[in-house]
> 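First the structure, which I've put down as structure tokens, then a few questions once you've had a look.
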Amino acid sequence: MVSYSRFGEAQAHIVRSLDRALRDRGFDGLESYIEVDRPTEEGHGDLVSNVALKVARVTKMPPLALASTIAAEWQSDEVVAHVAAAGPGFLNFTLHTRWMADVIRQIQVAGSGYGTSSAGNGARVLIEFVSANPVGPMVVVNGRAAAIGDSLARILNAAGFVAHREFYVNDGGNQVLTLGHAISLRLRELQGQEVMSTWPDDVYPGDYVIAVAREWRNLHPDVVIEDLDESSYAMLGDFGAARFQAQHESVLRGFGVEFERWYHEKDLREAKAPEAIIERLDQLGFMEAKDGARWFLSEKFGDDKNRVMVKSDGTMTYFVPDAAYHADKFARGYDYVIDLLGPDHHGYVGRMRALVEALGYPPDRLEILIVGLVRLMRGEELVRMSKRKGSYVPLEDLIAEAGVDPARYFFLERSPETPMDFDLDLAKLRDSKNPVYYIQYAGARIHGILRQWREQGESDVDLNLAHLQSPHERQLLWLLARYPDVVVRAAVERAPQHVPKYLTELASAFHGFYREERILEGASGIRQARLALIESVLMVLASGLDLLGISLPERM
RNA sequence: GCGCCCGUAGCUCAGUGGAUAGAGCGCCUGACUACGAAUCAGGAGGCCAGAGGUUCAAGUCCUCUCGGGCGCACCA
């Protein structure tokens with residue numbers, strides 16, 4: 001077992017001791033049965049092992065009997081203070097408080113680097129997310145993907161992976177022409193022509209295009225609008241796409257999300273990458289001509305059906321540039337490629353996996369996370385949204401109304417794939433019902449204490465961590481010792497929600513400690529130890545919130 | 001019809017095959033002359049959708065049924 005934390009050291013230590021205990025009884029080769037985990041509830045020690053239950057079949061010993069003899073013969077050491085057999089045969093381990101308290105020294109040495117580890121071994125991860133089409137404003141679910149993707153990248157980096165964030169800009173397809181069409185209609189409208197009665201069905205009438213049209217007109221006041229026929233759609237569309245990309249970039253930056261790269265479909269097309277991917281699949285023998293079209297034989301790789309790549313009219317389906325894009329991701333040497341897709345993209349998973357496999361890569365190196373649907377609520381009331389009708393809440397407005405911190409927190413506290421309700425009324429509440437403030441308040445309280453301590457101007461005494469003995473202090477130490485493992489787990493499982501969960505626990509333990517134990521009023525030795533403890537808590541709160549892209553204000 | 005996600009407290013959701021299934025909100029009791037009450041301590045509230053199976057052990061794994069969402073284009 002590789003350990004990245006004080007907690008992990010204890011686990012590894014106990015595993016070794018258990019292994020020895022089993023061998024002493026003549027049971028060899030049972031290492032794989034040995035598990036040491038945190039208990040599911042209080043009162044079962046600091047760590048727990050179910051090994052006696054696991055090996056019962058092999059050893060032919062009643063689990064509780066085996067556990068009891070192991071506990072009775074346990075050689076005391078500097079890590080484990082006490083071992084007890086319990087329940088049907090669990091072993092409950094209580095750690096020396098002194099030993100746990102050294103986590104504070106680790107935190108003092110590591111500083112803001114505490115929590116980082118080398119678990120990822122430098123594996124390179126590309127994470128593509130949001131990738132909203134540049135033909136209109138982003139919507140609420142884009143915000144969820146943005147928060148999750150960005151936070152996941154931060155977590156992966158902290159856990160020793162090298163993660164890159166990428167936004168794929170769909171600026172090469174038909175929709176850009178459609179946007180150009182819409183802009184030209186809005187330009188006519190700005191000149192006083194009536195356009196709504198003849199508005200084409202396939203052109204979204206969203207009024208967000210009006211602002212873009214206005215911008216274009218200001219830049220080109222001399223162009224005669226009547227000349228803007230179909231031949232102008234591409235030019236207008238490119239203009240609009242650039243405007244919307246800039247808008248996306250700025251909204252996302254305001255949301256704390258920055259991408260290492262904006263990858264343009266247009267560049268792919270200009271480099272003839274779509275043609276190249278078809279050629280490559282053809283050479284590999286995975287293309288077939290049928291019904292006047294050219295098909296990718298994705299069924300060979302477990303897809304539901306084969307996929308058209310070149311339509312009978314000679315044009316390519318949208319899947320082709322996407323396929324070229326994914327081929328490029330792997331060609332760039334990433335060990336893992338993660339896509340965060342919207343909830344309307346389930347059908348996309350099979351064909352993309354098939355592509356990866358067809359190109360000769362292990363299909364599980366492509367990980368597709370479907371970000372669950374977001375329903376926007378105002379209290380009890382569902383906010384109805386329809387892009388077609390142009391009635392929707394842009395992400396920008398959501399962020400402005402809720403605030404960056406609550407919005408990110410709401411998106412990150414749930415597992416990515418489950419559908420969620422986002423309650424705007426709750427998110428914008430500036431009071432205790434809003435869970436993000438619970439964590440921030442713990443930090444603000446610690447800042448307050450440290451401020452007061454500095455104002456008192458008392459000098460430090462030597463730090464003696466042996467003063468930390470109370471149940472509240474033990475619990476905080478135990479949580480601090482676990483933090484690096486929480487980060488690793490969130491990274492490996494691609495599950496950022498573990499971090500807010502953990503921070504809530506840490507904040508709760510701190511608030512309980514704070515109410516129970518005076519910090520500044522104690523004798524100088526214990527005061528110094530408690531100050532070191534809460535400084536450590538503050539460090540971890542700040543670090544954890546940073547992984548979520550959430551601030552930790554000194555005052556609230 | 002086929003595929004994916006989801007059914008856990010009144011609501012929103014956690015839950016790594018392990019002991020008596022958790023948190024927040026809401027509800028009910030209590031706690032500021034206090035380092036910040038945006039807090040704390042306690043209480044009520046559950047056939048983990050249902051039925052079979054695997055296992056020493058199932059909310060968790062397998063099969064089926066029921067319910068909800070989303071996908072199943074030579075659209076993007």
Side-chain angles (χ1 to χ4, degrees), chain A residues 35 37-41 43-44 48-50 53-54 56-57 62-63 86-90 92 133 135 170 172-176 178 202 290-295 303-305 307-319 321-322 342-350 368 370 372-373 375 377 380 410 413-415 417-423 426 429-442 444-453 456 489 493 495 497-498 500-501 504-505 507-508 510-522 527 530-531 534 555-556:
Chain A
E35 289 174 16
D37 283 305
R38 61 195 167 100
T40 49
E41 60 190 285
H44 294 154
V48 73
S49 179
N50 58 3
L53 294 149
K54 286 264 189 205
R57 183 197 297 256
F90 292 100
N92 296 335
N133 294 335
V135 295
N170 281 279
N174 264 330
Q175 54 186 349
V176 175
T178 308
D202 55 350
K290 198 179 116 195
D291 302 334
R294 299 185 69 196
W295 301 69
D303 195 11
D304 299 338
K305 57 181 77 167
R307 304 292 170 176
V308 172
M309 297 200 97
V310 183
K311 296 184 260 183
S312 52
D313 66 4
T315 61
M316 289 180 295
T317 59
Y318 76 99
F319 175 56
D322 278 2
D344 51 343
H345 283 73
H346 284 120
Y348 190 86
V349 179
I368 299 183
I370 300 290
L373 197 76
R375 293 196 310 167
M377 312 288 286
E380 297 290 303
F410 273 55
E413 72 172 339
R414 293 169 173 78
S415 61
E417 304 208 344
T418 54
M420 69 171 279
D421 290 343
F422 189 106
D423 186 343
L426 182 56
L429 269 183
R430 295 287 177 268
D431 74 13
S432 59
K433 287 183 189 132
N434 197 333
V436 66
Y437 297 120
Y438 184 81
I439 299 169
Q440 291 181 325
Y441 184 54
R445 266 182 157 173
I446 294 172
H447 273 296
I449 296 165
L450 296 176
R451 251 193 320 269
Q452 184 156 338
W453 163 244
Q456 286 176 359
R489 188 178 164 211
E493 293 182 13
Q497 73 272 18
H498 295 316
K501 184 85 178 162
T504 305
E505 247 184 281
S508 170
F510 169 75
H511 287 309
F513 163 73
Y514 171 89
R515 295 293 292 190
E516 193 70 26
E517 323 270 8
R518 307 276 91 193
I519 294 165
L520 295 179
E521 292 167 16
R527 181 180 59 212
R530 285 178 175 164
L531 282 167
I534 66 171
R555 300 169 196 268
M556 295 173 67

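Letters A, B, ... mirror the listed sequences (proteins, then strands); counts begin at 1.
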> Measure across Arg515(A) and Arg518(A) and return the closest heavy-atom pair with its distance rounded to 0.1 Å.
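So the two residues come closest at O-NH2, 4.5 Å.
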> For Leu53(A) and Tyr318(A), find the nucleotide of RNA chain B closest to each by heavy atoms; which residue's nucleotide sits nearer the 5' end?
Leu53(A)
> Does any N or O donor sit under 3.5 Å from an N or O acceptor when you compare the side chain of Arg445(A) with the base of rU39(B)?
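Side chain to base: no pair below 3.5 Å.
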> What pair of heavy atoms forms the shortest contact from Ala507(A) to Ile439(A), and how long is it?
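Between these two residues, the closest heavy atoms are CB-CA, 3.9 Å.
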> Please determine, for the side chain of Arg518(A), which listed nucleotide (rA31(B), rC35(B), rA14(B)) has the closest atom?
rC35(B)
> Without decimals, in angstroms, what is the distance between Lys501(A) NZ and rG15(B) P?
8 Å
> Stacking check: are the rings of His346(A) and rG3(B) less than 5.5 Å apart at their centres and under 30 degrees in tilt?
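Aromatic stack with rG3(B) absent for His346(A).
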> Show the nearest heavy-atom pair for residues Arg527(A) and Ile519(A), with the distance to one decimal.
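Looking at all heavy atoms of both residues, the closest pair is CG-O, 3.2 Å.
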> So, Tyr318(A) and Asn170(A): side-chain donor and acceptor under 3.5 Å apart, yes or no?
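Not at all, the side chains of Tyr318(A) and Asn170(A) share no donor-acceptor pair under 3.5 Å.
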> Output the distance between atom CH2 (Trp295(A)) and atom CE (Met309(A)), rounded to the nearest 0.5 Å.
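Trp295(A) CH2 to Met309(A) CE: 12.5 Å, rounded to 0.5 Å.
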> I need the minimum non-hydrogen distance between Asp202(A) and Thr178(A), along with the two atoms involved.
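Heavy atoms only, the tightest pair is O-CG2, 3.4 Å.
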> Base of rC32(B) relative to its sugar, syn (within 90° of 0) or anti?
syn
> Quick one: His345(A) NE2 to rG71(B) C1', roughly how many Å, whole number?
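These atoms are roughly 11 Å apart.
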> Asp421(A) has an atom CG; how far is it from atom P of rA14(B), in whole Å?
12 Å
> What's Asn170(A) touching, base or sugar-phosphate or nothing? Going by heavy atoms closer than 4.0 Å.
nothing
> Assign Gln456(A) to base, sugar-phosphate, or nothing according to its heavy-atom contacts below 4.0 angstrom with the strands shown.
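Counting heavy atoms under 4.0 Å across all strands, no contact is made by Gln456(A).
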> On RNA chain B, nearest-nucleotide positions of Tyr438(A) versus Asp344(A): which is more 5'?
Tyr438(A)
> Do Thr418(A) and rC5(B) share a donor-acceptor pair, side chain to base, under 3.5 Å?
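Answer is no: no donor-acceptor pair is held.
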> Between rC32(B) and rG15(B), how many Å separate the two P atoms, rounded to a whole number?
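Between the two P atoms, the distance is 38 Å.
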> Does a distance-only test, which skips hydrogens and angles, find a donor-acceptor pair under 3.5 Å between the side chain of Asp322(A) and the base of rA76(B)?
no
> With centres under 5.5 Å and planes under 30°, do Phe90(A) and rG18(B) count as stacked?
no
> In whole Å, what separates the P atom of rU60(B) from that of rC6(B)?
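Looking at atom P only, rU60(B) and rC6(B) are 13 Å apart.
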> Determine whether a donor-acceptor pair (one donor, one acceptor, N or O, separation below 3.5 Å) exists between the side chain of Tyr441(A) and the base of rA38(B).
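Absent.
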> When we call it a touch if two heavy atoms are under 4.0 Å apart, what does Thr315(A) touch: a base, just sugar-phosphate, or nothing?
nothing
> Do Arg414(A) and rU12(B) share a donor-acceptor pair, side chain to base, under 3.5 Å?
no
> Rounded to the nearest Å, what distance is computed from the CD1 atom of residue Ile439(A) to the C1' atom of nucleotide rG24(B)?
11 Å
> Taking atom P in both rG17(B) and rG53(B), what distance in whole Å separates the two?
23 Å
> Heavy atoms from C-beta onward define the side chain here; which of rG18(B), rC74(B), rA14(B) lies closest to that of Ser312(A)?
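It is rC74(B).
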> Without decimals, in angstroms, what is the distance between Ile370(A) CD1 and rC72(B) P?
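The distance from CD1 of Ile370(A) to P of rC72(B) comes to 11 Å, rounded to the nearest Å.
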> Check the phosphate of rA76(B) against Thr317(A), side-chain N and O only, distance under 4.0 Å to OP1 or OP2. Yes or no?
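No, outside the criterion.
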> What does Arg57(A) touch in the nucleic acid at a heavy-atom separation under 4.0 angstrom: a base, only the sugar-phosphate, or nothing?
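Sugar-phosphate, no base atom in range.
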> Take the protein atom CH2 of Trp295(A) and the nucleotide atom P of rA73(B), then report the distance between them rounded to whole Å.
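Interatomic distance, CH2 of Trp295(A) to P of rA73(B): 10 Å.
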> Assign the ring pair Tyr514(A) / Phe510(A) to parallel, tilted or perpendicular, where the plane angle (0 to 90°) is split at 30° and 60°.
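Answer is tilted, since the angle falls between 30° and 60°.
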> Write down the distance separating the C1' atoms in rG50(B) and rG45(B), rounded off to the nearest Å.
23 Å
> Just to be sure I understand: a Watson-Crick pair is purine N1 to pyrimidine N3 plus N6-O4 or O6-N4, both under 3.5 Å. Using that and G-U wobbles, which stems of three or more pairs involve RNA chain B?
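For RNA chain B the paired stretches long enough to count as stems (3 pairs minimum) are B:1-7 with B:66-72, B:10-13 with B:22-25, B:27-31 with B:39-43, B:49-53 with B:61-65.
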> Under 4.0 Å, heavy atoms only, any strand: does Pro419(A) hit a base, just the sugar-phosphate, or nothing?
sugar-phosphate
> Whole angstroms only, please: what is the NE2-P distance between His498(A) and rA14(B)?
11 Å
> Can you tell which of rU39(B), rA19(B), rC35(B) lies closest to the side chain of Thr40(A)?
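Minimum distance to the Thr40(A) side chain belongs to rA19(B).
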> When all nucleic acid strands are considered with a 4.0 Å heavy-atom cut-off, which category describes Ala442(A): base, sugar-phosphate, or nothing?
nothing
> Please give the distance between the C1' atoms of rC13(B) and rG59(B) as a whole number of Å.
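That atom pair is separated by 14 Å.
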> Once you round it to whole Å, what is the distance between P of rG26(B) and CG of Asp423(A)?
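Result: 12 Å.
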> Using the C1' atoms only, state how far rU39(B) lies from rU16(B), rounded to an integer number of Å.
32 Å
> Pro88(A) and Pro63(A): which non-hydrogen atoms are nearest, and at how many Å?
O-CB, 3.4 Å
> Write down the distance separating the P atoms in rG43(B) and rA23(B), rounded off to the nearest Å.
10 Å
> Nearest to the Tyr514(A) side chain among rA19(B), rG36(B), rA38(B), which nucleotide is it?
rG36(B)
> Over all strands shown, is Ala56(A) touching base, sugar-phosphate only, or nothing at heavy-atom distances under 4.0 angstrom?
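No contact at all - Ala56(A) keeps every heavy atom at 4.0 Å or more from the nucleic acid.
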> Indicate, with a heavy-atom threshold strictly under 4.0 Å, whether Val48(A) touches base, sugar-phosphate, or nothing.
base
> Report which part of the nucleic acid Glu521(A) touches: base, sugar-phosphate, or nothing (heavy-atom distance under 4.0 Å, all strands).
nothing
> Would you please confirm or rule out a distance under 4.0 Å between OP1 or OP2 of rG71(B) and any side-chain N or O of Lys305(A)?
no
> Could you tell me how far rC4(B) sits from rG42(B) if I compare only their C1' atoms? Round to whole Å.
44 Å
> Side-chain N or O of Asn133(A) less than 4.0 angstrom from OP1 or OP2 on rA76(B)?
no
> Using a heavy-atom cut-off of under 4.0 Å over every strand shown, decide if Asn50(A) touches base, sugar-phosphate, or nothing.
base
> Measuring from Phe90(A):CZ to Asp37(A):CG, what's the distance to the nearest 0.5 Å?
10.5 Å
